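Notes follow once the structure below has been shown.
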Amino acid sequence: MTADPAGYAEGFLLNAGSTIALGQAFLAACARHDVPGTLVVCSSPAASDVVPGLSQYGAAKAAVEHWLRIVAAELAAAPGIACRAIAVVPHAVDTPMVRGVMAEDPAAVPLAAYFGDLDRDGGLATPEQAAAHIWQAALDEGAPGSVIPVGARHLAADIPA
């Protein structure tokens, strides 16, 4: 928890509000110009997992996912609208951020051990695998659900190594 309530609120609003505002603007532009489109927003496992130290970020991502689910349902029910909305949730992608977490003390940062185990077992996805899975989700109009996990090989087995 942060000792600065204003900074905490600002961070939440930045993480949730910017995604929602830009997403709404994209969908409005598609409707205004009668253009089909797929809104793709990026969420985080922190939206549903309890990750100590990420309460503000996790709550913001949970808000984004909930908004996205509602918007996806509204779009699906609206006659004549050819837009859809999905959130992709990258899991265990081999990025500098994940490598930084792995370098932390697992006693202090439990995710360090989780990512380290995945790395040793070859379970981290490459950025290219995650990107391919995101494209697949964006282009698959029949994809089930509106919040789609991408990334870690155990979740994206259909993406070549």
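This is a predicted model, so every value here is computed, not measured. Counting from 1, the numbers follow the sequence of the chain as shown.
The CG atom of D49 sits 8.5 Å away from atom CG of L111, with the distance rounded to the nearest 0.5 Å. Remark: E74 CD to I70 CD1 distance equals 7.0 Å, nearest 0.5 Å. Note that the CE atom of M102 and the CZ atom of R120 stand 7.5 Å from one another [nearest 0.5 Å].
Using a distance-only test at 3.5 Å, with no hydrogens or angles considered, a donor-acceptor pair links the side chain of K61 to the main chain of C42. A donor-acceptor contact shorter than 3.5 Å links the side chain of R84 to the backbone of A138. Listed for the S44 side chain is no donor-acceptor partner under 3.5 Å among the backbone atoms of A47. The main-chain N or O of G11 is found under 3.5 Å from a side-chain atom of N15 such that the two form a donor-acceptor pair.
Between G151 and V93, the shortest heavy-atom contact is CA-CG2, 3.9 Å. Nearest heavy atom pair, residue F12 against residue A63, reads CZ-CB, 4.1 Å. The shortest heavy-atom contact between A125 and Q129 is CA-OE1, 3.2 Å. The minimum heavy-atom distance linking L68 with S146 is given by the pair CD1-O, 3.5 Å. Closest heavy-atom contact between G7 and Q56: O-NE2, 4.0 Å. Of all heavy-atom pairs spanning C30 and C83, the tightest one is CB-SG, 3.4 Å.
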Verify side-chain contact (heavy atoms from CB on, under 4.5 Å) between Y114 and L118, making sure each step is shown before the conclusion.
CA-CA 6 Å; Y114 170 75; L118 278 177; 3.5 Å; yes
Starting from the C-alpha separation in whole Å, work towards a yes-or-no answer on side-chain contact (heavy atoms from CB on, under 4.5 Å) for D94 and T126.
CA-CA 5 Å; D94 193 354; T126 66; 5.7 Å; no
Using side-chain contact (heavy atoms from CB on, under 4.5 Å), reason through L124 and R99 one step at a time and then give a plain yes or no.
CA-CA 11 Å; L124 289 179; R99 291 284 168 186; 4.1 Å; yes
Take L75 and L39 through the side-chain contact (heavy atoms from CB on, under 4.5 Å) test and state the conclusion after the steps.
CA-CA 11 Å; L75 291 170; L39 171 65; over 6 Å; no
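Note on L54: it clusters hydrophobically with F115, by side-chain heavy-atom contacts below 4.5 Å among ILVMFWY residues. V89 and V64 sit in two unconnected hydrophobic clusters of ILVMFWY residues. Membership requires side-chain heavy atoms under 4.5 Å apart, directly or through other members. Transitive grouping of hydrophobic side chains (ILVMFWY, heavy atoms separated by less than 4.5 Å) keeps L27 and V147 in distinct clusters.
In this structure, L22 and F26 have side chains that are not in contact, with every pair of non-hydrogen atoms separated by 4.5 Å or more.
Between E65 and R69 a salt bridge is recorded (basic side-chain N to carboxylate O distance below 4.0 Å).
The number of heavy atoms from other shown groups lying within 6.0 Å of CG (D105) is above 12.
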